[in-house]
Colleague: 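One structure is given below, represented as structure tokens, and several questions about it will come after.
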Amino acid sequence: MADNPAPSSSGDAKAVISDLLAELEEKAKASERAYARFRRRFEMLYYVLGVPATVFAAVASATAFAESVSNQVVGICAAIAAGLAGIQTLVRADRRARFNQTQQFVMSRIANDATSLRKITLNSIPAERAKAELDAVQERYISARDKSPE
């Protein structure tokens, strides 16, 4: 994460590790919030495309059987419904919403683990183990962040 000079004592090392954990915690929380925003946007997009597609398909179906409605109205409604359904298929908003929800949970877990390590565990373990724990949490963060298509 950050290049720091080698600390002179175990207490200094733990202070540096604590600072790095706090930084990681903030980054994970920011990522969690971003994934939550993306998830909500994709959930809305799913409905913004899906509901009108369903309505236009229903209108096209109903008007196809009515003698007083022209074929042009039926065709326009069917074309709009097909276009919206096609866009929905291409965007895959439901799949993207689920991905962002999963990533949101992963980032929340990483932030919680960093907080726990910093506030609870750090003072009761040797500096070498604390560094190993920090490295493990950082690796999980980097791995989760690298999965993001956004």
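No hydrogens, no waters, no symmetry mates; every other heavy atom, side chains included, goes into these values. Being a predicted model, the structure only gives us computed values, none of them experimental.
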Colleague: Each residue besides Val51 in its hydrophobic cluster should be listed here, by chain and number; the cluster joins Ile, Leu, Val, Met, Phe, Trp and Tyr at side-chain heavy-atom distances under 4.5 Å.
Modeller: Tyr46, Tyr47, Val55, Val59
Colleague: Leu24 versus Tyr141: any side-chain heavy-atom pair under 4.5 Å?
Modeller: yes
Colleague: Who pairs with Lys131 by salt bridge (charged side-chain N to carboxylate O under 4.0 Å, His left out), at least two apart in sequence or on another chain?
Modeller: Asp135
Colleague: Using a 3.5 Å distance criterion without hydrogens, assess whether the side chain of Gln103 forms a donor-acceptor pair with backbone atoms of Glu32.
Modeller: no
Colleague: Indicate yes or no for a side-chain donor-acceptor contact from Ser143 to the backbone of Glu139 under 3.5 Å, with no hydrogens or angles considered.
Modeller: no
Colleague: Going only through I, L, V, M, F, W and Y residues with side-chain contacts under 4.5 Å, is there a path from Phe105 to Ile110?
Modeller: no
Colleague: Enumerate the residue pairs fulfilling salt bridge (charged side-chain N to carboxylate O under 4.0 Å, His left out) with a member in residues 40-57, sequence neighbours excluded, ordered by first and then second residue.
Modeller: Arg39-Glu43
Colleague: Determine whether a donor-acceptor pair (N or O, by modelled atom type, separation under 3.5 Å) exists between the side chain of Thr115 and the backbone of Ala111.
Modeller: yes
Colleague: Is the backbone N or O of Arg98 less than 3.5 Å from a side-chain atom of Thr102, with the two atoms forming a donor-acceptor pair by type?
Modeller: yes
Colleague: To the nearest 0.5 Å, what is the distance between CG on Leu84 and CZ on Phe56?
Modeller: 7.0 Å
Colleague: Just list the side-chain donor-acceptor pairs under 3.5 Å for residues 73-82, sequence neighbours left out, or say none.
Modeller:
none

Colleague: Would you name the heavy atoms of Pro52 and Leu49 that are closest together and state the gap between them?
Modeller: CD-O, 3.6 Å
Colleague: Find out whether Tyr35 and Met107 are in side-chain contact, i.e. whether some heavy atom of one side chain is under 4.5 Å from a heavy atom of the other.
Modeller: yes
Colleague: List for me each residue that meets side-chain hydrogen bond (donor to acceptor under 3.5 Å, both in side chains) alongside Gln88, sequence neighbours excluded, and say none if there are none.
Modeller: none
Colleague: With salt bridge (charged side-chain N to carboxylate O under 4.0 Å, His left out) as the rule and sequence neighbours excluded, what pairs involving residues 107-126 come up?
Modeller: Glu25-Arg118, Asp113-Arg140
